[in-house]
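Each remark here refers to the structure printed beneath this line.
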Amino acid sequence: MMRGLVVLALFTVSCRDGCSRGAPSPARDPLLALVPAEARVVASVDLAKIRATAVWKRLSELVEEDPGDQKVLAELTARTGLDPMRQVHRVLAAFPEDARSKGEFALVIAGDQFDERRLAAYARDQADLRGRKIEQVTRGSRPLWTSRGVAAFFLGGTTFALGAGGWGERMADLADRTPVVKSAADDPDLGMLIRRVRMDRAIWFAAVVPMDVRRALIADPRYDSAASVTRMAGAIDLGPGLSAELVADLSNAADARALVQRIEESLSAARRNAKVLMLGLGPYLETVGAQAEGPSVRVSMTLRETQVNDLLSRLAGMARMARAQRKR
């Protein structure tokens with residue numbers, strides 16, 4: 001999975017002036033401060049920003065077209081008082097170097113006032129339907145809701161934190177500001193990456209590429225140049241058009257130049273691909289550009305508002321087709 005994310009990121013998005021190594025340090029992120037220091041991949045989605053764009057309107061319309069989605073959301077809101085389409089403001093997810101070994105991950109959600117009692121009751125009912133149990137235990141100064149290695153808690157009524165593989169308990173310690181527990185916000189390598197993106201964007205991510213992922217890329221001749229990538233950071237802005245950017249640091253300048261050449265060759269081949277032409281995606285690929293800057297690679301993609309609307313219409317059509325096939 002991680003290998004796929006790395007390759008996808010390398011062939012889709014890069015960082016401009018906002019990713020300068022000399023950019024000022026951002027304010028301490030309160031959501032990141034709840035994530036254990038072992039995090040090596042962090043991604044943030046600011047739904048409050050996205051809701052102000054035409055993209056959100058189109059996505060909302062797509063959800064409203066599906067009676068099944070509407071039923072689930074209506075039941076959730078009726079039972080808990082939470083409307084995630086309107087009341088969830090930001091979501092942050094984080095993973096360690098090897099999440100597969102113990103299944104560690106962190107998820108932090110910020111939003112309007114969460115009703116812990118009603119949300120916990122709803123979660124317990126849903127767990128019972130699946131033959132699982134959610135239990136309440138105490139960790140430090142707060143209750144934890146636990147089930148099968150996953151632990152979650154509410155913070156200040158406006159934040160929900162969940163962790164697996166032991167991370168939930170450590171996140172509770174971070175929320176209690178236990179001195180001996182360090183967070184991802186204290187990690188210098190991850191902090192350097194995050195400083196290379198503007199954290200006020202709708203979507204951003206930072207990743208220190210795990211060594212096992214690099215070994216897997218080295219073993220695949222299709223991605224040999226990408227195996228030299230040691231870390232990446234990127235961001236996406238939405239509205240009125242779309243701009244996506246990523247910067248990838250490699251081991252040396254030669255590998256950076258080779259990766260740019262590989263990206264350009266892949267883009268050129270994709271533009272001639274029959275399926276790409278049939279789907280009308282060629283114009284979108286024309287907006288992707290890549291360049292090497294010493295041992296770093298920058299890739300960028302910019303779409304006009306009309307292109308974004310057209311792309312959303314195409315994606316909506318694909319979603320409707322997939323939905324219709326599931327019903328058969």
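As the structure is a prediction and not an experimental result, all values here were calculated from the model. If you read the sequence from its start, that first residue is 1, and numbering goes on from there.
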Quick one: closest heavy-atom pair of [X] and [Y], and the distance?
X	Y	result
L311	Y284	N-OH, 3.2 Å
T287	M301	OG1-CG, 3.4 Å
T77	D83	OG1-CA, 3.6 Å
W56	I50	CB-O, 3.1 Å
S141	D176	OG-OD1, 2.8 Å
R51	P84	NH1-O, 4.0 Å

Within this structure, what is the [atom1]-[atom2] distance for the pair [X] and [Y], rounded to the nearest 0.5 Å?
X	Y	atom1	atom2	value
K182	E38	NZ	CD	12.5 Å
I263	Q291	CD1	CD	11.0 Å
R40	F95	CZ	CZ	14.5 Å
N252	S228	CG	OG	5.0 Å
L162	I109	CG	CD1	8.0 Å
S266	L285	OG	CG	11.0 Å

[Y] backbone acceptor or donor facing [X] side chain under 3.5 Å:
X	Y	answer
R142	T138	no
Q126	Y122	no
K49	D200	yes

Residues, nucleotides or ligands: over 12 heavy atoms within 6.0 Å of R86 CZ:
no

Atom CZ of R118: over 12 foreign heavy atoms under 6.0 Å:
yes

H89 and side-chain contact (heavy atoms from CB on, under 4.5 Å): which partner among L47, D112, T158?
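Looking at L47, D112, T158, the match for H89 under the side-chain contact (heavy atoms from CB on, under 4.5 Å) is D112.
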
Is any side-chain heavy atom of [Y] closer than 4.5 Å to one of [X]?
X	Y	result
R231	M192	yes
V229	L259	yes
L34	L155	yes
T302	L242	no
Q136	L144	no
M171	V108	yes
P143	E116	yes
L119	F114	yes

Could R201 and D237 be called an ion pair, given the rule that one side-chain N must be under 4.0 Å from one carboxylate O?
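Salt bridge: yes.
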
Could you tell me whether D29 and R90 have a side-chain N and a carboxylate O separated by less than 4.0 Å?
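Answer for the salt bridge query: yes.
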
Just do the side-chain contact (heavy atoms from CB on, under 4.5 Å) check on V91 and L107 with the steps written out, would you?
CA-CA 7 Å; V91 178; L107 180 69; 3.6 Å; yes

Can you confirm whether or not the ring centre of F160 sits under 6.0 Å from the ring centre of F154?
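Between F154 and F160, which both carry aromatic rings, the centre distance is below 6.0 Å.
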
Is L303 reachable from L267 through a run of I, L, V, M, F, W or Y residues, each pair having side-chain heavy atoms under 4.5 Å apart?
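Looking at the clustering, L303 is in the same group as L267.
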
V88, L76: one ILVMFWY side-chain cluster at the under-4.5 Å cut-off?
no

Is a side-chain donor-acceptor pair under 3.5 Å present for [Y] with [X]?
X	Y	value
T230	D249	no
Q307	E305	no
S183	D186	yes

Show the numbers, then the answer: is there a side-chain hydrogen bond (donor to acceptor under 3.5 Å, both in side chains) between S268 and R272?
CA-CA 7 Å; S268 179; R272 299 190 301 271; 2.8 Å; yes

Give the C-alpha distance, both sets of side-chain angles, the deciding distance and a yes or no for side-chain contact (heavy atoms from CB on, under 4.5 Å) between V260 and R298.
CA-CA 9 Å; V260 168; R298 295 175 184 269; over 6 Å; no

Start with the C-alpha gap between V42 and W204, add the side-chain angles, then the distance that decides, and say whether side-chain contact (heavy atoms from CB on, under 4.5 Å) holds.
CA-CA 8 Å; V42 181; W204 61 261; 4.0 Å; yes

